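A quick write-up on the structure given underneath.
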Amino acid sequence: VQLQASGGGLVQAGGSLRLSCAADGRTLSSDVMGWFRQALGKEREFVAVIRWNGGITYYADSVKGRFTISRDNAKNTVYLQMNSLTPEDTAVYYCAARTRRIIVSALRLRSSYDYWGQGTLVTVSS
């Protein structure tokens, strides 16, 4: 199973970017796919995830109302639309997937995910 993240780049504060994560292979049977991010010198943190079946979404409080996660089942791809970006959003963004059913309380844990993409850098200038 491979996850390929793309869409990062440099944007000014207040701007927008859309990240994509394309999955192949067994990820067709994933329960959830989503995004984490890691800023320089900080721990990797949860951003957002979506259940593959049903499309239920979950967000970190820091991005709620600004970021939107969505999926395209036919393309096995998950998107993260990021609006109203701030310098605090600067980080490497990683997509992640879990094939087994996961309970809500475990969604925000890095250890819950089986597969990770290579990361894409998002830089927001002030």
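Quick note: residue numbers are just sequence positions, from 1. Everything numeric here is computed off the predicted structure, so don't read it as measured data.
In this pair, Phe46 and Phe36 present their aromatic rings perpendicular. The plane angle is above 60°, beyond the 30 to 60° band.
The OG1 atom of Thr77 sits 10.5 Å away from atom CD of Gln4, with the distance rounded to the nearest 0.5 Å. Ile56 contributes atom CD1, which lies 9.5 Å from atom CD1 of Ile50 (distance to the nearest 0.5 angstrom). Atoms CG and OG1, from Leu10 and Thr90 in turn, are 8.5 Å apart once rounded to the nearest 0.5 Å. Annotation: the span from Thr99 atom OG1 to Tyr115 atom OH amounts to 5.5 Å, rounded to 0.5 Å. Rounding to the nearest 0.5 angstrom, the gap separating the CZ atom in Arg71 from the OG1 atom in Thr57 is 10.0 Å.
In the hydrophobic clustering of ILVMFWY residues, with side-chain heavy atoms under 4.5 Å counting as a link, Leu19 and Val11 come out together. No single ILVMFWY cluster, assembled from side-chain heavy atoms under 4.5 Å apart, contains both Leu109 and Val104. Note: the hydrophobic cluster containing Tyr94 does not contain Trp52 (ILVMFWY, side chain heavy atoms under 4.5 Å, direct or indirect links). Hydrophobic clustering (ILVMFWY, side-chain heavy atoms < 4.5 Å, transitive): Tyr59 and Val32 are in distinct clusters.
Summarising the geometry of Ala23 relative to Leu3, their closest heavy-atom pair is CB-CD2, 3.5 Å, with the distance given to 0.1 Å. Counting all heavy atoms, side chain and backbone alike, Ala48 lies closest to Leu80 at CB-CD1, 4.2 Å. Minimum interatomic distance between Ser112 and Ala106 (heavy atoms only, all atoms of both residues): OG-O, 2.8 Å. Taking all atoms of both residues into account, the shortest heavy-atom contact from Arg66 to Ser84 is NH1-O, 3.0 Å. Across all non-hydrogen atoms, the minimal contact from Asn83 to Ser16 is OD1-OG, 2.9 Å. In this structure, Ala39 and Ala91 approach most closely via the heavy-atom pair N-CB, 3.7 Å.
Here the side chain of Arg37 pairs no donor or acceptor atom with the backbone of Val47 at under 3.5 angstrom. When atom types are taken as modelled, the side chain of Asp24 and the backbone of Gln2 share a donor-acceptor pair closer than 3.5 angstrom. Of the possible donor and acceptor atoms, one in the side chain of Gln118 sits under 3.5 Å from a partner among the backbone N and O of Ala5. Side chain of Thr120 to main chain of Tyr93: no donor-acceptor pair is present (N/O by atom type, distance under 3.5 Å, no hydrogens or angles).
No side-chain donor-acceptor contact under 3.5 Å links Arg98 and Tyr113.
At a threshold of 4.0 Å, the pair Arg51-Asp31 counts as salt-bridged, since one of the basic side-chain nitrogens sits closer than that to a carboxylate oxygen.
Side chains of Val122 and Met82 form a contact here, defined as non-hydrogen atoms less than 4.5 Å apart. At least one side-chain heavy atom of Ile102 sits under 4.5 Å from a side-chain heavy atom of Leu107. Taking the side chain as every heavy atom from C-beta outward, Trp116 and Arg44 approach each other to under 4.5 Å.
Taking a 6.0 Å sphere around CG of Leu40, one finds it holds 12 or fewer heavy atoms contributed by other residues, nucleotides or ligands.
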